[in-house]
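Note that the numbering runs from 1 along the sequence shown for the chain.
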Amino acid sequence: MKIGRLLLRLTVGSLFFGHGTQKLFGWFGGHGLDATANMFDSIGMRPGNRNAVAAGLAEAGGGAGIALGLATPLSAAVLTSTMLTAVNRVHLKNGPWVTNGGYEYNVVLIAAVLALVEVGPGELSFDHLLGNERSGPGWTLVALALGVAGAVGAHVAAELSPAPIEAPAEATSAASTNGDASAPTETQEAGTAQ
């Protein structure tokens, strides 16, 4: 048994699981699905709700898979996809260093999950227990290729989704002036985004 491999799986996998559940349920101090969906909309990942659910499920499910050593290449692929999407949509413009909001951490996580595919999850894993352990350079390249394809697919799908139509400011203020209770006020809109 390789203790380092097990510790890497448990650490990276459980942290990804936590990150995904922050998005989905607001666990571990997260902001929950509505706030995450709003953030996804703001970075052009439309529709925000669908992409927030997909990212949260990928991180929670992929993280659980890595921690348990279950479907390791597939788990690594979905995590690679979410990290590449984060690099593309959020961090790339900031350069590599995390101190500037860069992509350093995302790249380290990608390298960690792909390294786990290459060496395999180890004896204390569901893949080993079930006799389904897939490892080596070929499986690592498959996981990387699937991760890239998933990130490209998410980017293309977001670009094809239309931007939300916003009411002109004049119409909103006219409705407020006329006492239209159904028109949202600026305070209501700001509260929704939180």
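Of the N and O atoms on the side chains of Glu123 and His128, not one donor lies less than 3.5 Å from an acceptor on the other residue.
Two residues are said to be in side-chain contact when any heavy atoms from C-beta on lie closer than 4.5 Å; Lys2 and Val119 fail this criterion. Looking only at side-chain heavy atoms (C-beta outward), Met83 and Phe16 come within less than 4.5 Å of each other. Counting heavy atoms from C-beta outward, His155 and Arg89 have side chains that approach closer than 4.5 Å. With a 4.5 Å cut-off on side-chain heavy atoms, Val142 and Val117 do not count as touching.
From Ser161, atom OG reaches atom CG of Asn51 across 7.5 Å, with rounding to the nearest 0.5 Å. The distance from the CG atom of Asn38 to the CD1 atom of Ile43 is 12.0 Å, given to the nearest 0.5 Å. From Leu79, atom CG reaches atom CD of Glu59 across 7.5 Å, with rounding to the nearest 0.5 Å. Atoms NZ and CE, on Lys23 and Met39 in that order, are 6.0 Å from each other to the nearest 0.5 Å. Here the CG atom belonging to Leu15 is positioned 10.0 Å from the CZ atom belonging to Phe28, to the nearest 0.5 angstrom. A distance of 4.0 Å separates CG in Asp127 from OG1 in Thr72, rounded to the nearest 0.5 Å.
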**Q.** Verdict with reasoning, Leu70 to Leu130, per side-chain contact (heavy atoms from CB on, under 4.5 Å)
**A.** CA-CA 9 Å; Leu70 180 63; Leu130 298 170; 4.2 Å; yes

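Side-chain heavy atoms closer than 4.5 Å link hydrophobic residues (I, L, V, M, F, W, Y) into clusters, and following such links, even through other members, never connects Tyr103 to Leu84. There is a path of hydrophobic side-chain contacts, each under 4.5 Å, that joins Ile66 to Leu144. A single hydrophobic cluster is seen to contain both Leu114 and Val148, as judged by linkage of ILVMFWY side chains at heavy-atom distances under 4.5 Å, directly or through other members. Note on Val87 and Tyr105: separate hydrophobic clusters, where clusters join Ile, Leu, Val, Met, Phe, Trp and Tyr whose side-chain heavy atoms are under 4.5 Å apart, directly or indirectly. Two different hydrophobic clusters hold Leu68 and Leu6 under the rule that ILVMFWY side chains link at heavy-atom gaps under 4.5 Å.
Of all heavy-atom pairs spanning Arg50 and Arg46, the tightest one is NH2-O, 3.6 Å. In terms of heavy atoms, Ala76 sits closest to Ala143 at CB-CB, 4.4 Å. The heavy-atom pair separating Gly102 from His91 by the smallest distance is O-ND1, 3.4 Å. Pairing each heavy atom of Ala158 with each of Gly44, the nearest pair is CB-O, 3.4 Å. Considering all non-hydrogen atoms of both residues, Ser75 and Gly62 come closest at CB-O, 3.6 Å. Pairing each heavy atom of Ala112 with each of Val12, the nearest pair is CB-CG2, 4.3 Å.
A donor-acceptor contact shorter than 3.5 Å links the side chain of Ser14 to the backbone of Thr11. Of the possible donor and acceptor atoms, one in the side chain of Thr85 sits under 3.5 Å from a partner among the backbone N and O of Ser81. Although no hydrogens or angles enter the test, the distance criterion places a donor-acceptor pair under 3.5 Å between the side chain of Arg9 and the main chain of Pro121.
The only option from Asn106, Ile110, Leu109 that meets the side-chain contact (heavy atoms from CB on, under 4.5 Å) definition with Thr80 turns out to be Ile110.
Ion pairing between Arg5 and Glu118 fails under the 4.0 Å rule for side-chain N and carboxylate O.
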